[in-house]
Amino acid sequence: MSTLKINSLKAYRKAYQESIKDPEAFWSRQAETFVWKKKWKKTLDWDFQKPDVKWFIGGKLNITENCLDRHLAERGGETALIWEPNDPSQKFKTYTYQALYEAVCQCANALKANGVKKGDRICFYMPMVPELTIGILACARIGAIHSVVFAGFSATALADRIKDASCSMVICSDYNARGAKNIPVKAVVDEALKMGCKSVKTVLVHQNTGEKVRWKKSRDKWWHEELSRRRKTCKATAMDAEDVLFILYTSGSTGKPKGVVHTCGGYMVYTCFSFQNVFQYEQGDVYWCTADIGWITGHSYIVYGPLLAGATTIMSEGVPTYPDAGRFWHICEKHKVNQFYTAPTAIRALMAQGDHWPTHYDLSELKVLGTVGEPINEEAWHWYNEKIGKGKCPIVDTWWQTETGGIMIAGLGDISPIKPTYAGLPLPGIQACLVDAEGNEITGNDQEGLLCIKFPWPSMIRTTYGDHERCRNVYFSAFEDKYFTGDGARRDKDGLYRIIGRVDDVINVSGHRMGTAEVENAINEHPEVIESAVVGYPHEIKGQGIYAYVIVNAAVKDEDRFRKEVLKVVTREIGPIAKPDRIQLVSGLPKTRSGKIMRRILRKIASGDTKNLGDISTLLNPEVVEAVKKGALA
Ligand code: PRX
């Protein structure tokens, strides 16, 4: 049984209407296609003011029984997971559904033997190896909550996340093979655990490259030793539909990253439903999403969505340009990929390497191309369409967020209308709307506004871990009875949405979401910094680059040395992904009379638009604007 498969525009319109008229009946029908240990009593309860959203109330399930067990009879011998290593001369690995099931059960038994219980938080800090997928499913099997931290984050960032969720175990690899580099992973965990992570009792280490690591006997254990000889079956723990499945940290406009909480039932139903329809996945197809499991895209559309749908999903360890810029296309040819899902920043980077790379490979199996994470510019869209899709593959531009759990606005394969740079129509069940600054809904088409969602959907955020008030404040307090996305959008005359970008202090660098305040806090750690302000600016490859304006004290004589040190500090505090592209030393920052930094002006200067700064006469210090303009870096 599968969730509704929409195969025509008419069917989409019908499903959409049904989902709006009677959302409970619509989602109840989808949920019935899964294996439940106990059926739910009520489909939905919600109150956006608190917020309190519950789906499939009273229902009991285990998501891994739906990802694995239920497929065994019919397709136990079919490929669930293909792992493509960083080094193309190394053999790729495949796991059938049966093999993946056994590996997950073994790992679940190993976790139990190490004292892991339902509700415990387990942190993953791992490269893209199959053991990451196996490990998170093993957690889900026994009701432990996984918190995956992208392995590019620094020890400090990792420690913050471990402490916030009081994780009892960290699962990591020895090293991360990435392009020509071998990046230490275990060493970063060791360093993080020195930063007051008292809750961690065990570190489970997967041997990836096999190079030497430091060992703390009382704490560290090898993955292969702990898993060997464990039984290959493990009873799946009955989870309440609203029990937490995972926590995933993401950046906001203020403060430290917050732990977005997703729960079992609704997340399961929605990721499967959206996967099947957006990618128009058919049994036997090979699907590849190039994201990292450290981000939501990897959670929902490498692991859960595809496995729930019984698909063959590829995980790749390496980078798009190693050993050369043809790697993506080589992998597509090698595994006969039918659906390919990546980020605009990767498309732009590969486009810049020249048109000849894709021509060396057979891409004729491709049926659907997807993008995610940031707006796709027209030039990249056309390149993707012509050079990769050969004009015959629909491009599904999928708009969604860590908080939404699944794809919200996107084309459904070639079924719904597609327009370059437009994400398109909302999926069934998604009541998207635009509001003005006062919160009035903007009805009618051909309009621009702030993007909100006015009715719950199954995979939505339930809370921010350990701080429910923050969840209310960030997403549900801006506009009454609406979830506010933080994005601005345009709706064209046919109702298609185009995402313009964030309207808050969040920037999107190479599809990685970053809070400007977070980067400023890191820069301010440098002892010679007095104050800093960070904004995004248009960047040809990354979409947005990071522009930092910094006021320094008299100790700074050598600006180059200072800039290098700032990059080091940011790498230490957050990770290399947060390094500013430009650092301009300034004597002052434009401020309002109440002392707030006028980022609007700084954004304009950073983007090279120094002429239309608007009215600056009301500033506390209008004179600094000229100086900032003069020193602007291009
Ligand atoms: O600004 C939007 C942008 O990415 C933000 C969400 O980032 P994150 O939680 O890291 O999730 C990214 C992957 C789902 C959004 O608020 N964004 C995401 N997809 C698109 C997009 N902007 C434009 N077009 C998209 N397709």
Side-chain angles (χ1 to χ4, degrees), residues 148-150 152-153 246-253 257-262 267 270-271 274-275 278 289-302 304-305 341-348 369-378 380-381 384 395-411 418-427 430 432 450-453 459-461 464 474-475 478 483-491 496-516 518 536 538 542-544 577-578:
V148 183
V149 176
F150 174 61
F153 279 120
F246 66 84
I247 304 169
L248 186 58
Y249 286 84
T250 191
S251 297
S253 46
K258 47 191 178 281
V260 171
V261 170
H262 284 291
Y267 180 83
Y270 195 79
T271 52
S274 51
F275 170 76
V278 170
C289 166
T290 69
D292 192 290
I293 295 177
W295 312 113
I296 191 71
T297 307
H299 281 63
S300 302
Y301 299 109
I302 295 179
Y304 287 110
Y341 190 27
T342 196
T345 188
I347 299 169
R348 286 190 297 265
L369 300 175
T371 78
V372 61
E374 48 177 323
I376 180 163
N377 51 310
E378 192 118 16
W381 194 96
Y384 200 27
I395 295 180
V396 291
D397 177 353
T398 65
W399 172 81
W400 58 297
Q401 310 176 298
T402 306
E403 295 85 343
T404 68
I407 296 169
M408 303 289 278
I409 302 181
I418 281 177
K419 183 167 162 183
T421 76
Y422 276 73
L425 297 171
L427 263 65
I430 305 307
L450 303 168
L451 182 61
C452 291
I453 316 289
S459 63
M460 69 185 291
I461 179 174
T464 42
V474 173
Y475 308 104
Y483 165 84
F484 175 44
T485 65
D487 281 315
R490 163 166 195 82
R491 191 167 53 219
L496 272 64
Y497 285 86
R498 174 184 209 215
I499 310 304
I500 298 165
R502 302 288 304 198
V503 295
D504 52 10
D505 290 323
V506 169
I507 51 179
N508 198 322
V509 184
S510 302
H512 300 321
R513 180 167 154 182
M514 205 99 56
T516 51
E518 225 180 316
K542 299 179 174 187
Q544 276 189 302
I577 53 173

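Bear in mind that the values here come from a model prediction, so they are computed numbers and not experimental data. Just follow the structure's listing: the first ligand is 1, and inside any ligand the first atom is 1.
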For the ring-ring contact (aromatic ring centres under 6.0 Å, His included) test, which of Phe150, Phe246, Trp400 pairs with His299?
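When Phe150, Phe246, Trp400 are each tested with His299, the ring-ring contact (aromatic ring centres under 6.0 Å, His included) holds only for Phe246.
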
With a 4.0 angstrom cut-off on heavy atoms, strictly below it, pick out the residues next to ligand 1 and order them by chain and number.
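Shell around ligand 1 (4.0 Å, heavy atoms): Ile296, Thr297, Val372, Gly373, Glu374, Pro375, Asp397, Thr398, Trp399, Trp400, Gln401, Thr402, Asp487, Ile499, Arg502, Asn508, Arg513.
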
Which residues pass the salt bridge (charged side-chain N to carboxylate O under 4.0 Å, His left out) test with Glu374, not counting sequence neighbours?
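Salt bridge (charged side-chain N to carboxylate O under 4.0 Å, His left out) list for Glu374, sorted by chain: Arg348.
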
Qualifying residues under salt bridge (charged side-chain N to carboxylate O under 4.0 Å, His left out), relative to Lys542, sequence neighbours excluded:
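Salt bridge (charged side-chain N to carboxylate O under 4.0 Å, His left out) check on Lys542 returns Asp581.
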
Inter-residue atom distance Gln401.CD - Ile296.CD1, 0.5 Å rounding
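These two atoms lie 10.5 Å from each other.
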
Is the backbone of Ser459 close enough, under 3.5 Å, to the side chain of His262 for a donor and an acceptor to pair up by distance?
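Looks like yes, one N/O pair under 3.5 Å.
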
Restricting to side chain to side chain donor-acceptor pair (under 3.5 Å), what partner residues turn up for Asn508, sequence neighbours left out?
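With neighbours one apart ignored, the set is empty.
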
